[in-house]
*Asks:* 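Dropping the structure in here first, questions after.
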Amino acid sequence: MLDKSIVDDIVNGSLGISFLEEFAVKYRVPYKSCSVNEDEYAYKLTKGKINHEYFDNYVKDIERTFALDNKPTSSSTVAQKKQNTIEFLKTSIE
């Protein structure tokens, strides 16, 4: 998620919204302890749109990465974080 002050500086400055949208996408970011009811800019996980094969391979990489963090991947919080990441990645499928 990009800090709102950075988004405001880019949008209101000389770079503009088109620059921001090269690197970020509006998304309703899930938070653990509070609910935000509006979309925010989050860094894109990919450059451009991806196909289903790329998506499937990326999901495997996400699962491997979570497993490398030396945390029990079977816990409900880790499983939810993985699922949130995968849901966000779905915004990149063509």
*Asks:* Please give me the minimum heavy-atom distance between A24 and L2, naming the atom from each residue.
*Replies:* CB-CD1, 3.9 Å
*Asks:* Once side-chain hydrogen bond (donor to acceptor under 3.5 Å, both in side chains) is applied, do any residues pair with D3, and if so which ones, sequence neighbours excluded?
*Replies:* S5
*Asks:* Quick one: side chains of residues 7-21, donor-acceptor pairs under 3.5 Å with protein atoms, not counting sequence neighbours, listed by atom name and distance.
*Replies:*
unit_1: D8; atom_1: OD1; unit_2: K4; atom_2: NZ; d: 3.2
unit_1: D8; atom_1: OD2; unit_2: K4; atom_2: NZ; d: 3.3
unit_1: N12; atom_1: ND2; unit_2: D8; atom_2: O; d: 3.1

*Asks:* Tell me whether Y31 shares a hydrophobic cluster with V25, the cluster being built from Ile, Leu, Val, Met, Phe, Trp, Tyr side chains joined at under 4.5 Å.
*Replies:* yes
*Asks:* Can you find a heavy atom in the side chain of F66 that is under 4.5 Å from one in the side chain of K81?
*Replies:* yes
*Asks:* Is there a side-chain contact between I50 and E94, using heavy atoms and a 4.5 Å cut-off?
*Replies:* no
*Asks:* Mind checking whether F88 and Y41 sit in one hydrophobic cluster, side chains of I, L, V, M, F, W, Y counted as touching below 4.5 Å?
*Replies:* no
*Asks:* First locate atom CD of E63, then atom OG1 of T85, and finally report the distance between them rounded to the nearest 0.5 Å.
*Replies:* 10.5 Å
*Asks:* Determine the minimum heavy-atom distance between K49 and I93, stating which atoms define it.
*Replies:* CD-O, 4.0 Å
*Asks:* List in chain and number order the residues that pass side-chain hydrogen bond (donor to acceptor under 3.5 Å, both in side chains) with D61, two or more places apart in sequence or in another chain; answer none if no residue qualifies.
*Replies:* R64
*Asks:* For atom CD of E53, decide whether the heavy atoms of other residues, nucleotides or ligands shown that lie under 6.0 angstrom number more than 12.
*Replies:* no
*Asks:* Hey, are E87 and K90 close enough for a salt bridge, meaning a charged N less than 4.0 Å from a carboxylate O?
*Replies:* yes
*Asks:* When clusters are formed by joining ILVMFWY residues with side-chain heavy atoms under 4.5 Å apart, either directly or through shared neighbours, do Y27 and L45 land in the same one?
*Replies:* yes
*Asks:* Going hydrophobic residue to hydrophobic residue with side-chain gaps under 4.5 angstrom, can you get from I86 over to V29?
*Replies:* yes
